[in-house]
Amino acid sequence: MRKLSRKLLEVKSVVKIFHIGGRFLGTKLKAVNNVSFDIDSEKSEILTFAGETGSGKTTLARMILGLEQPTSGEITYKGKNVSHIQKREELLEYMKEVQPIFQNPFETFNPLRKVDSYLFETAGNYNLAKTKGEKAKLVEEALKSVGLTLNEVQGRYPNELSGGQLQRTSVARALITRPSLLIADEPVSMVDASLRMSIVNLFSDLKEEYNVTVLYITHDLATAYYISDRIAIMLRGDVVEFGNIDKVMLSPLHPYTQILLKSVPQPDPEGTWKEDIKLSSLEVKEFSRLGCKFYERCPSAMKICEEVEPLSVFRDGREVKCHLYSEELKKEEETLPGSF
Ligand code: SF4
């Protein structure tokens with residue numbers, strides 16, 4: 001008998017390569033480099049993937065949603081390989097359980113269509129309700145869980161709601177299917193600063209009250225710290241530090257995480273990275289370099305970092321991908337009694 005997976009989601013050695021400027025003559029860009037992590041099915045959590053533009057976090061989210069295929073590696077949901085989902089019923093079931101929340105609520109909804117029609121449509125599409133009354137009940141429950149009522153959105157066009165209300169409606173739409181996993185890609189970056197915390201708090205409430213796990217993709221470390229249980233810091237496709245939120249944010253080990261944290265004006269929840277950290281443009285050079293991708297910008301860079309890609313090591317309760325720690329580990333092993 002096939003054993004049921006205790007993992008909700010498993011991402012195993014996932015790589016995504018894009019070919020820029022043609023498959024044969026262009027440049028290969030490894031947007032996601034050998035990323036592995038899992039999410040337990042027994043306990044809901046908020047797991048953040050944070051990084052600057054071009055870090056690979058959105059590509060990773062798109063692969064989990066099945067919108068991109070990994071070049072290599074495997075993504076499984078409840079033990080089933082997401083890339084192998086082909087039957088309509090299986091796809092529908094996956095889409096029901098794993099729901100996206102996109103960045104710009106004004107792009108999620110057609111400006112010429114009333115927003116409540118999306119909610120009723122979702123309730124109908126997944127065979128969750130047959131009659132109009134059953135659909136209305138589901139829609140009302142979902143709206144209630146995001147602090148809205150049907151009265152507030154019924155008959156309204158997107159431009160008649162505030163950015164915050166619209167993003168809440170977008171979350172309500174996702175909740176209609178009673179998902180286990182929400183993938184929220186920069187869900188507050190287009191929302192007014194004054195409303196940002198209310199959306200972020202909403203994710204915490206959903207985790208606590210509805211047992212929903214949230215994969216929160218953001219460049220905003222302040223909101224990430226506020227709501228997350230675990231965090232993965234991404235840099236040019238690599239996860240460079242990954243672990244418990246307090247460990248990573250209060251005592252960062254990777255030089256990149258340390259610099260990012262210095263640039264966040266904490267504890268201001270609207271704080272974002274300073275201009276010098278945002279980078280003026282995406283540096284393809286960093287993506288394609290042999291050694292550590294942070295080599296040019298790292299204040300602790302060593303000779304080995306220039307040409308040898310660091311391995312992920314487990315250090316002080318988190319994973320960190322940096323030669324400072326793999327070299328330290330090597331020295332410790334060399335001094336162990338009985339070592340040659
Ligand atoms: Fe800096 Fe080297 Fe660590 Fe990269 S591997 S972050 S260059 S010390």
Side-chain angles (χ1 to χ4, degrees), residues 32 35 37 45-62 64 100-108 146 162-164 166-168 170-171 174 182-207 212-252 254-282 294 297 318:
V32 173
V35 170
F37 68 94
E45 67 165 323
I46 298 182
L47 167 59
T48 291
F49 276 80
E52 58 200 357
T53 305
S55 61
K57 56 194 193 306
T58 294
T59 304
L60 183 64
R62 287 177 60 77
I64 295 169
I101 314 276
F102 294 111
Q103 183 175 19
N104 188 349
F106 289 98
E107 280 175 8
T108 308
V146 300
S162 71
L166 207 56
Q167 192 59 304
R168 279 174 182 271
S170 161
V171 177
L182 285 182
I183 312 237
D185 188 3
E186 301 278 11
V188 292
S189 62
M190 305 295 282
V191 173
D192 270 3
S194 58
L195 296 166
R196 244 173 244 169
M197 286 316 287
S198 71
I199 304 278
V200 164
N201 281 330
L202 175 62
F203 291 129
S204 290
D205 295 345
L206 293 175
K207 179 191 98 171
V212 176
T213 284
V214 182
L215 212 132
Y216 179 48
I217 312 285
T218 188
H219 68 277
D220 180 358
L221 290 178
T223 55
Y225 182 51
Y226 192 71
I227 57 163
S228 310
D229 299 288
R230 291 189 296 162
I231 189 165
I233 304 289
M234 288 195 78
L235 166 76
R236 304 282 176 249
D238 285 337
V239 170
V240 294
E241 190 160 357
F242 187 13
N244 170 279
I245 189 79
D246 287 331
K247 284 263 179 207
V248 174
M249 299 287 271
L250 300 180
S251 55
H254 198 281
Y256 178 61
T257 319
Q258 289 166 355
I259 288 177
L260 288 183
L261 282 167
K262 269 192 213 137
S263 71
V264 178
Q266 290 176 22
D268 175 6
E270 272 93 53
T272 52
W273 301 342
K274 278 182 187 163
E275 214 46 48
D276 56 339
I277 297 303
K278 269 186 190 165
L279 286 188
S280 51
S281 66
L282 183 73
F294 197 46
R297 294 188 275 156
R318 90 289 304 266

In the structure I gave you, are the side-chain heavy atoms of [X] and [Y] within less than 4.5 Å of one another anywhere?
| X | Y | answer |
| --- | --- | --- |
| Leu47 | Thr213 | no |
| His219 | Ser55 | no |
| Asp185 | Gln103 | no |
| Val248 | Phe242 | no |
| Leu206 | Val171 | yes |
| Ile101 | Tyr216 | no |
| Arg318 | Ile233 | no |

Thr218 side-chain N/O to Ala50 backbone N/O, donor-acceptor pair under 3.5 Å
no
Test item: side-chain donor near acceptor, Gln167 and Ser170, under 3.5 Å:
yes
Testing the basics here: between [X] and [Y], what is the closest heavy-atom pair and its distance to 0.1 Å?
| X | Y | value |
| --- | --- | --- |
| Met249 | Ile231 | SD-CD1, 4.2 Å |
| Val239 | Ala232 | CG1-CB, 4.0 Å |
| Gln258 | Pro252 | NE2-O, 2.9 Å |
| Ser204 | Ile227 | OG-CG2, 3.3 Å |
| Pro187 | Ile217 | CD-O, 3.9 Å |
| Pro100 | Ala174 | O-CB, 4.3 Å |

State the CG-CD1 distance between Leu215 and Ile183, to the nearest 0.5 angstrom.
5.0 Å
Between the CG atom in Asn244 and the CZ atom in Arg230, the distance rounded to the nearest 0.5 Å is 9.5 Å
Test: Glu241 and Lys247 ion pair at under 4.0 Å
no
Could you label the plane-to-plane angle of the Phe294 and His254 rings as parallel, tilted or perpendicular, counting under 30° as parallel and over 60° as perpendicular?
tilted
Quick one: sort the Phe49 and Phe37 rings into parallel, tilted or perpendicular, breaks at 30° and 60°.
tilted
Can you tell me if OH on Tyr226 sees more than 12 non-hydrogen neighbours from other groups inside 6.0 Å?
no
